[in-house]
**Q** 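The structure's right below; bear with me while I get my questions together.
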Amino acid sequence: MNRKVFLTVELILALLTSFFVYEMFKEEPAQKRVAVIIEKSGDEKWDSFINGLKQSAKDNNIHLVICNTDEMENADKERNIIEEQLNNDIDAFIIQPAPDEEINSTILELSKNMPVILTDSDLYARNYYNSTQNDLPVIAPSNYELGYRMGNEITNNYSAQIDNMRVGIICGKENMNSIETRKQGFIDSVSKEDLDIVWDIYQLEDIRYREPVDIIVALDTDVLEQLCESDLINTKITKIYGIGCSKMTVCCLDNGEIECLIMTDDFDMGYTCISEIKKKLDKKNYSIKEKDVEYKILYKDNIYSKENEAFLFSFER
């Protein structure tokens, strides 16, 4: 009896030893590699987005390749980066399209061979009245809605004196579909009011040659930050309404330099991009789900509400 017990125990120990040895030396499945191409990837405005990418990559066992990029001036520059990454054994791409329609055919051709998600912008400028389906899945804020809501905030806040309000628009980078769509949303929003859009420019320096206005609307994080640092306007006289996503824009709002800030949930945008790519890589027949990323409308007096504090925490995650 004792011998049987002894042999049984020995057998169990041998099996356990074999199991642990196997677990120690078995090869982990190779991580899928996902390349992320966004303009000026080292800029602070991408911090929250990249934090979301990294957290999702960790949760989904994805090897993340964030391409080191400067300004994406044309299709050739982005095309070269895509080709470099194809030689780097990449399995999927997350791409912010360059402000050049010639990149569209390259991205569409790429999507025939591997999963591609567009972020921040579609291949084309769109609005709510354009029923054309997207050629590729887009995970980004509804840029039209961002511009539209900005217009609503101004017309609601200045309803009593709207006839006398003069507005200037600074778009930022020219030919960016996301920016053009935001501008169209803003114009449509205020078109039924007597709000006077005095000028519409792309570069901050052009303000020198424009007449003064009561409100400046900045449609991009970069130009909004530049506006706050500029000595070209007096923020005590001219109110700034802007769309942006960076710690600096939040600080400017808190300091009273920005009157109203619309900020998108870029952490969720990054997290969702990777999780959808993972599903597609695991199941070829899976259809990547598009998503309109949420946003918050912030004023100085509501920055530190419980809801908004949780939202802003994404910069630190």
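Residue indices begin at 1 and follow the sequence shown. Remember, it's a predicted structure, so these values are computed and weren't measured experimentally.
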**Q** In a table with atom names and distances, give each donor-acceptor pair under 3.5 Å that connects a side chain of residues 190-201 to protein atoms at least two apart or in another chain.
**A**
| from | atom 1 | to | atom 2 | distance (Å) |
| --- | --- | --- | --- | --- |
| Ser191 | OG | Asp188 | O | 2.8 |
| Trp199 | NE1 | Glu211 | O | 2.9 |
| Asp200 | OD2 | Lys183 | NZ | 3.1 |

**Q** Quick one, Lys173 and Tyr202 - any side-chain contact, counting heavy atoms below 4.5 Å?
**A**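 With C-beta onward as the side chain, the pair stays apart.
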**Q** Is there a side-chain contact between Asp265 and Tyr295 in this structure, where contact means two heavy atoms from C-beta onward sitting under 4.5 Å apart?
**A**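 No, their side chains stay 4.5 Å or more apart.
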**Q** Judged by atom type as modelled, is there a donor-acceptor pair below 3.5 Å linking the side chain of Asn68 to the main-chain atoms of Gly42?
**A**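 Checking the backbone N and O of Gly42 against the side chain of Asn68, no donor-acceptor pair under 3.5 Å is found.
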**Q** With distance as the sole test, does Thr69 use its side chain to make a donor-acceptor pair with the main-chain N or O of Ile38 at under 3.5 Å?
**A**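 Here the side-chain-to-backbone pair exists.
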**Q** Does Glu309 pair with Lys306 as a salt bridge, N-O distance under 4.0 Å?
**A**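 No, no charged N to carboxylate O under 4.0 Å.
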**Q** Can you find a pair of side-chain heavy atoms, one from Ile94 and one from Ile139, that are under 4.5 Å apart?
**A**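 With C-beta onward as the side chain, the pair stays apart.
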**Q** Name all pairs fulfilling the salt bridge (Lys or Arg N to Asp or Glu O under 4.0 Å) condition that reach into residues 225-235, sequence neighbours left out, sorted by first residue then second.
**A**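 Every pair satisfying salt bridge (Lys or Arg N to Asp or Glu O under 4.0 Å) with a residue in residues 225-235: there are none.
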**Q** Is the closest side-chain heavy-atom distance between Asn177 and Asp122 below 4.5 Å?
**A**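 Of all side-chain heavy-atom pairs linking Asp122 with Asn177, none is under 4.5 Å.
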**Q** For residues 77-106, which residue pairs qualify under salt bridge (Lys or Arg N to Asp or Glu O under 4.0 Å), counting only residues two or more places apart or in two chains?
**A**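 Salt bridge (Lys or Arg N to Asp or Glu O under 4.0 Å) check on residues 77-106 returns Asp76-Arg79.
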**Q** Please answer whether the main-chain N or O of Glu257 pairs with a side-chain N or O of Asn255 as donor and acceptor at a distance below 3.5 Å.
**A**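 Flag not set: sc Asn255 to bb Glu257 has no pair under 3.5 Å.
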**Q** Do Thr238 side-chain atoms and Ile215 backbone N/O form a donor-acceptor pair below 3.5 Å?
**A**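 Such a contact is absent between Thr238 side chain and Ile215 backbone.
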**Q** Run through Leu224, Leu232, Ile233 and flag the one making a side chain to side chain contact (heavy atoms under 4.5 Å, CB included) with Leu204.
**A**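 Of the listed options, the one satisfying the test is Leu232.
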**Q** Return yes when atom CG of Asn80 has more than 12 non-hydrogen atoms of other residues, nucleotides or ligands closer than 6.0 Å, and no otherwise.
**A**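 Check passes, neighbour count above 12.
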**Q** List the residues meeting salt bridge (Lys or Arg N to Asp or Glu O under 4.0 Å) with Lys300, not counting sequence neighbours, and say none if there are none.
**A**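 By the salt bridge (Lys or Arg N to Asp or Glu O under 4.0 Å) rule, Lys300 matches Asp254.
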**Q** Is there a side-chain contact between Ile117 and Phe93 in this structure, where contact means two heavy atoms from C-beta onward sitting under 4.5 Å apart?
**A**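 Sidechains of Phe93 and Ile117: no contact.
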**Q** Are Glu145 and Arg182 within salt-bridge range, i.e. N to O under 4.0 Å?
**A**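 Salt bridge between Glu145 and Arg182, a charged N being under 4.0 Å from a carboxylate O: no.
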**Q** Look only at the side chain of Ser121 and the backbone of Ser178, and say whether a donor-acceptor pair between them is shorter than 3.5 Å.
**A**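 Checked: pair present.
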**Q** Report yes if some heavy atom in the side chain of Asn51 is under 4.5 Å from a heavy atom in the side chain of Asp266; otherwise report no.
**A**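 A side-chain contact under 4.5 Å is absent here.
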**Q** When you check the gap from the basic side-chain N to the acidic O, do Asp70 and Lys40 get nearer than 4.0 Å?
**A**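 No, no charged N to carboxylate O under 4.0 Å.
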**Q** What residue among Leu108, Ile288, Leu110 forms side chain to side chain contact (heavy atoms under 4.5 Å, CB included) with Val116?
**A**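 Only one of Leu108, Ile288, Leu110 forms a side chain to side chain contact (heavy atoms under 4.5 Å, CB included) with Val116, namely Leu110.
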**Q** Distance-only criterion, 3.5 Å: show the donor-acceptor pairs between side-chain atoms of residues 271-281 and protein atoms not counting sequence neighbours.
**A**
| from | atom 1 | to | atom 2 | distance (Å) |
| --- | --- | --- | --- | --- |
| Tyr271 | OH | Asp59 | OD2 | 2.7 |
| Thr272 | OG1 | Asp268 | O | 2.8 |
| Thr272 | OG1 | Asp268 | OD1 | 3.4 |
| Ser275 | OG | Tyr271 | O | 3.3 |
| Ser275 | OG | Thr272 | O | 3.0 |
| Glu276 | OE1 | Tyr286 | OH | 2.8 |
| Glu276 | OE1 | Lys289 | N | 2.8 |
| Glu276 | OE2 | Lys279 | NZ | 3.3 |
| Glu276 | OE2 | Tyr286 | OH | 3.2 |
| Lys278 | NZ | Asp282 | OD1 | 3.4 |
| Lys280 | NZ | Lys284 | O | 2.6 |
| Lys280 | NZ | Tyr286 | O | 2.9 |

**Q** Do Ile107 and Leu136 make a side-chain contact, defined as non-hydrogen atoms from C-beta onward lying under 4.5 Å apart?
**A**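 Yes, at least one pair of side-chain atoms sits under 4.5 Å.
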**Q** Would you say the side-chain atoms of Thr155 pair up with the backbone N or O of Gly151, donor to acceptor, closer than 3.5 Å?
**A**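 Yes; judged by distance alone, with no hydrogens or angles, the pair exists.
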**Q** Please check if the side chain of Glu44 supplies one atom and the backbone of Met248 the other of a donor-acceptor pair under 3.5 Å.
**A**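 Yes, because the side chain of Glu44 sits within donor-acceptor range (under 3.5 Å) of the backbone of Met248.
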**Q** Please check if the side chain of Ser48 supplies one atom and the backbone of Phe267 the other of a donor-acceptor pair under 3.5 Å.
**A**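 Yes, Ser48 side chain to Phe267 backbone: donor-acceptor pair under 3.5 Å.
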**Q** For Glu153 and Tyr299, which I'm curious about, is there any donor-acceptor pair between the side chains at under 3.5 Å?
**A**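 Yes, side-chain donor-acceptor contact under 3.5 Å.
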**Q** Answer yes or no: is there a side-chain heavy-atom contact under 4.5 Å between Pro141 and Asp292?
**A**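 Not in contact.
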**Q** Using the ring-ring contact (aromatic ring centres under 6.0 Å, His included) rule, collect all pairs that involve residues 162-190, keeping only residues at least two apart or in two chains.
**A**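 Every candidate ring-ring contact (aromatic ring centres under 6.0 Å, His included) pair involving residues 162-190 fails, so no pair, neighbours aside, qualifies.
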